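A short write-up of the structure that comes next.
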Protein chains: 2
Amino acid sequence: MEQHKIPQATAKRLPLYYRYLNNLQHQGKTRVSSQELSDAVKVDSATIRRDFSYFGALGKKGYGYNVEYLLHFFRETLDQDELTEVALIGVGNLGTAFLKYNFLKNNNTKIVMAFDRDANKVGTKIGGVPVYHIDDLEEKIGDIHVAILTIPASEAETMTERLVENGIEGILNFTPARITVPSHVRVHHIDLAVELQALVYFLKHYPLDNEKGNKKE
Amino acid sequence: MEQHKIPQATAKRLPLYYRYLNNLQHQGKTRVSSQELSDAVKVDSATIRRDFSYFGALGKKGYGYNVEYLLHFFRETLDQDELTEVALIGVGNLGTAFLKYNFLKNNNTKIVMAFDRDANKVGTKIGGVPVYHIDDLEEKIGDIHVAILTIPASEAETMTERLVENGIEGILNFTPARITVPSHVRVHHIDLAVELQALVYFLKHYPLDNEKGNKKE
DNA sequence: ATCCTTTTGTGAATGATCTCACTAAAAACT
DNA sequence: AGTTTTTAGTGAGATCATTCACAAAAGGAT
Ligand SMILES: NC(=O)c1ccc[n+]([C@@H]2O[C@H](COP(=O)([O-])OP(=O)(O)OC[C@H]3O[C@@H](n4cnc5c(N)ncnc54)[C@H](O)[C@@H]3O)[C@@H](O)[C@H]2O)c1
Ligand SMILES: NC(=O)c1ccc[n+]([C@@H]2O[C@H](COP(=O)([O-])OP(=O)(O)OC[C@H]3O[C@@H](n4cnc5c(N)ncnc54)[C@H](O)[C@@H]3O)[C@@H](O)[C@H]2O)c1
């Protein structure tokens, strides 16, 4: 609850850095420069150095960064040791895919329960995660504070109210609905149809160069 | 290939506006104010007016915007009449979910074919979309220029090269790998594990207000 | 026709993020 | 030990995006 100084843009890149540093460590690399990192994660090297600098001087001039040290540092900063439990609401196409995916790899989050209103799904386990009836939400949710929302858009608003009443403070919303929440609740929207449409729009209206080279975003 | 003036941030919101305006029309509404729109899509009303203003004066002072006219205008701007065909690479958990989802609702994009290397999947149809063997990519891809990538991260770099050689210019990448592409190719990353981790990070480190009200992002 | 209300469109201020370009420190080399 | 090379950290400026706040236009009412 401390660091107010880290820009949101930086915070969003931290998990990315963290994951790549993990890869490096598994490969046995002990040092890395901002330029190498830049090539790998496709973020400008100056931006990477700036990002790291918000946490103090983590590197050594003329040497780069020590992978081990950086990882150790980020593990603390990103609370990697502390597991955050997540509930998934709506075991449909998308929800099922998430349940089968192991978010725990390089990650400190775990889906520990799922809810649906379809009696055929209730009682089963998908990817090791138990599926409960949505009517039992109040009973089962415990002190989980993060939810993934993968129900039809028409259900989103009502469900959100219910989730918030039951202590949810963070929602990853895959529904196209733009849900309304009290100000202490944080919602991140991932709108796949919009992403696809935006990509197509950029392709048509923002022509890129025609030569070799790299571009991000 | 004209409007260079529209900020990327604006371009990304256009599909969102478009979809909501469609809803309004189906509800029979003929006019809408920037404030109403703001409440619905959770974007500041001044931002909405600014966004629209890049396209000229689309509204009337003291009245708002005519839904029909705005829709007509966006339909042209977003090339809604022109269907963009998309290929999906990797019919696994996530890929299957996308195939079963109808992106065409309020949308001008359609997944028309999928590829996998798993013989059990090849030859089937999922959500009406034929699944071909990845070896037949060159033969089947035709002049599709947009691909959705849902294969394992380890395959991403090689597959990307292959896609680009076969005319792909836009990639929606769900793989954690940050792929390298020539500069005429556009990649949008959607990294679900990062999104989840970022949400958790924000929850822990960026406490929000404690009272009632709305907040976006 | 006049007045009051609504709501756009936008100049200017603010805020956020990114990037250049340089200093200084450490490493690597000779 | 001295020289060269590498590379972090950062001040300052550039770029991009959001928001304020208000004049002007149009609608609606009487
Ligand atoms: N599948 C995709 O590729 C995709 C793409 C973009 C957006 N989305 C959005 O993601 C959401 C889920 O999509 P999907 O394809 O998985 O849909 P789906 O219909 O396959 O799954 C929805 C699930 O939610 C359950 N459900 C419905 N109402 C519920 C309630 N009140 N409480 C608990 N469970 C309830 C249903 O039983 C079903 O299992 C939708 O809002 C959709 O618009 C999906
Ligand atoms: N499922 C999720 O919720 C989730 C979440 C975050 C990220 N991801 C990422 O999305 C990607 C796909 O995830 P998934 O869960 O669907 O994986 P998956 O293993 O279920 O599916 C991968 C599919 O790709 C196919 N494939 C593998 N190599 C191929 C190749 N060279 N050519 C063609 N097809 C090939 C496989 O046969 C399989 O059907 C992964 O990179 C994963 O990290 C998935």
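Just so it is clear: chains get the letters A, B, ... in the order the sequence lines come, proteins before strands, and each one is counted from 1. None of the values given here were measured: they were computed from a predicted structure. The basis for the numbers below is simple: all heavy atoms, side chains too, and nothing from hydrogens, waters or symmetry mates.
Taking atom CD1 of residue Ile6(B) and atom C1' of nucleotide dT18(D), one finds them 18 Å apart after rounding to whole Å. With rounding to whole Å, Asp44(A) atom CG is found 15 Å from dT15(D) atom P. In this structure, Gln35(B) atom CD and dT5(C) atom P are separated by 19 Å, rounded to whole Å. Summarising the geometry, the separation between CD on Gln8(A) and P on dT18(D) is reported as 13 Å, rounded to the nearest angstrom. Remark: P of dT17(C) and CZ of Arg13(A) are 9 Å apart, rounded to the nearest angstrom. Atom-to-atom, CG of Leu58(A) to P of dT7(D) comes out at 17 Å; the value is rounded to the nearest Å. Between the C1' atom of dT7(C) and the CD atom of Glu36(B) lies a distance of 11 Å, rounded to the nearest Å. Distance NZ (Lys12(B)) to C1' (dT18(D)): 15 Å, rounded to an integer number of Å.
Taking only distance into account, the side chain of Arg50(A) meets the base of dT19(C) through a donor-acceptor pair shorter than 3.5 Å.
Atom CG of Asp143(A) has 12 or fewer neighbouring heavy atoms from other residues, nucleotides or ligands inside a 6.0 Å radius. Annotation for Gln35(A): atom CD counts as buried by contact number, over 12 foreign heavy atoms lying within 6.0 Å.
Backbone-only contact: Tyr65(B) has heavy atoms under 4.0 Å from sugar-phosphate atoms and none from a base. Ser45(A) comes within contact range of no nucleotide atom at all, as no heavy-atom separation falls under 4.0 Å.
Judged by a 6.0 Å distance limit and a 45° cone about the ring axis, Arg31(B) is not positioned over the six-membered ring of Tyr65(B).
Of the listed nucleotides (dA17(D), dT8(C), dT10(D)), dA17(D) has the atom at the smallest distance from the side chain of Ala9(B). The listed nucleotides are dT10(D), dT10(C), dC20(C); the one nearest the side chain of Ser53(B) is dT10(C).
Aromatic ring orientation, Phe74(B) versus Phe55(B): perpendicular (interplanar angle above 60°, classes split at 30° and 60°).
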>> side chain to side chain donor-acceptor pair (under 3.5 Å) for Asn108(A) and Thr84(A)? Distances and angles first, verdict last.
In response: CA-CA 6 Å; Asn108(A) 60 339; Thr84(A) 301; 4.6 Å; no
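Of the side-chain N and O atoms in Thr47(B), none sit less than 4.0 angstrom from OP1 or OP2 of dT18(D). For dA8(D), the OP1/OP2 oxygens have a side-chain nitrogen or oxygen of Ser34(A) closer than 4.0 Å.
A salt bridge does not link Lys12(A) to Glu195(B): none of the charged nitrogens lies less than 4.0 Å from a carboxylate oxygen.
Between the Thr150(B) side chain and the Ile89(B) main chain, a donor and an acceptor come within less than 3.5 Å of each other.
Mapping Tyr54(A) and Ala46(B) onto DNA chain C via the closest heavy atom, the residue that lands nearer the 5' end is Ala46(B).
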>> I'd like to compare against my own output: the B/S/- annotation of nucleotides 25-30 of chain C with a strict under-4.0 Å heavy-atom distance to protein.
In response: BBSS--
